[in-house]
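Note that the structure is a prediction, hence the values are computed from the model and not measured.
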Amino acid sequence: MGEIRAAVDGLQDVRILYGGSMNPGNVASFVAQPNIDGGLVGGASLEPASFAALLEGAHQGALA
């Protein structure tokens, strides 16, 4: 992902979002990446328990 920021002038301060569907099983690894600032949440947002797990995973990934 750092290659995207380096390839285009002016992207150093732009937020880059992961365009796949984040879910409780993958959110922590994506959020932990230095050049991913967020992402899209698909079906994981439809069930409260799944969405809560996704938020917890995002928090854990941000701490990594």
Side-chain angles (χ1 to χ4, degrees):
M1 276 294 202
E3 294 86 13
I4 293 171
R5 289 188 201 277
V8 180
D9 288 335
L11 289 185
Q12 289 70 29
D13 297 323
V14 172
R15 298 177 67 78
I16 296 178
L17 304 179
Y18 169 69
S21 183
M22 289 187 163
N23 60 59
N26 68 16
V27 67
S29 63
F30 286 119
V31 173
Q33 298 298 315
N35 285 296
I36 296 178
D37 300 308
L40 303 174
V41 178
S45 67
L46 299 176
E47 296 292 329
S50 177
F51 190 62
L54 185 133
L55 294 176
E56 179 60 29
H59 179 71
Q60 293 303 316
L63 296 176

Sort and list the pairs that fulfil salt bridge (Lys or Arg N to Asp or Glu O under 4.0 Å) and have at least one residue in residues 28-40, not counting sequence neighbours. Arg5-Asp37

Where Ala44 and Asn23 come nearest, the two heavy atoms and their spacing: CB-CA, 4.1 Å

Spatial distance of atom CZ (Phe30) from atom CG (Leu17) [nearest 0.5 Å]: 12.5 Å

Are Ile4 and Val14 connected, step by step, through hydrophobic side chains (Ile, Leu, Val, Met, Phe, Trp, Tyr) whose heavy atoms are closer than 4.5 Å? yes

Within the distance-only criterion (no hydrogens, no angle test), does the side chain of Gln12 pair as donor or acceptor with the backbone N or O of Gly10 below 3.5 angstrom? yes

Val31-Leu55 co-clustered via ILVMFWY side chain contacts under 4.5 Å: yes

Among Gln60, His59, Met22, side-chain contact (heavy atoms from CB on, under 4.5 Å) partner for Val27: Met22

Quick one: which residue pairs count as a salt bridge (Lys or Arg N to Asp or Glu O under 4.0 Å) with a foot in residues 43-64, not counting sequence neighbours? none

Taking all non-hydrogen atoms of both residues, which atom of Val41 and which atom of Ser21 are closest, and how far apart? C-OG, 4.5 Å

Close side-chain approach of Asn35 to Ile16, heavy-atom, < 4.5 Å: no

Smallest heavy-atom separation, Pro48 atom then Leu46 atom, equals CD-O, 4.0 Å

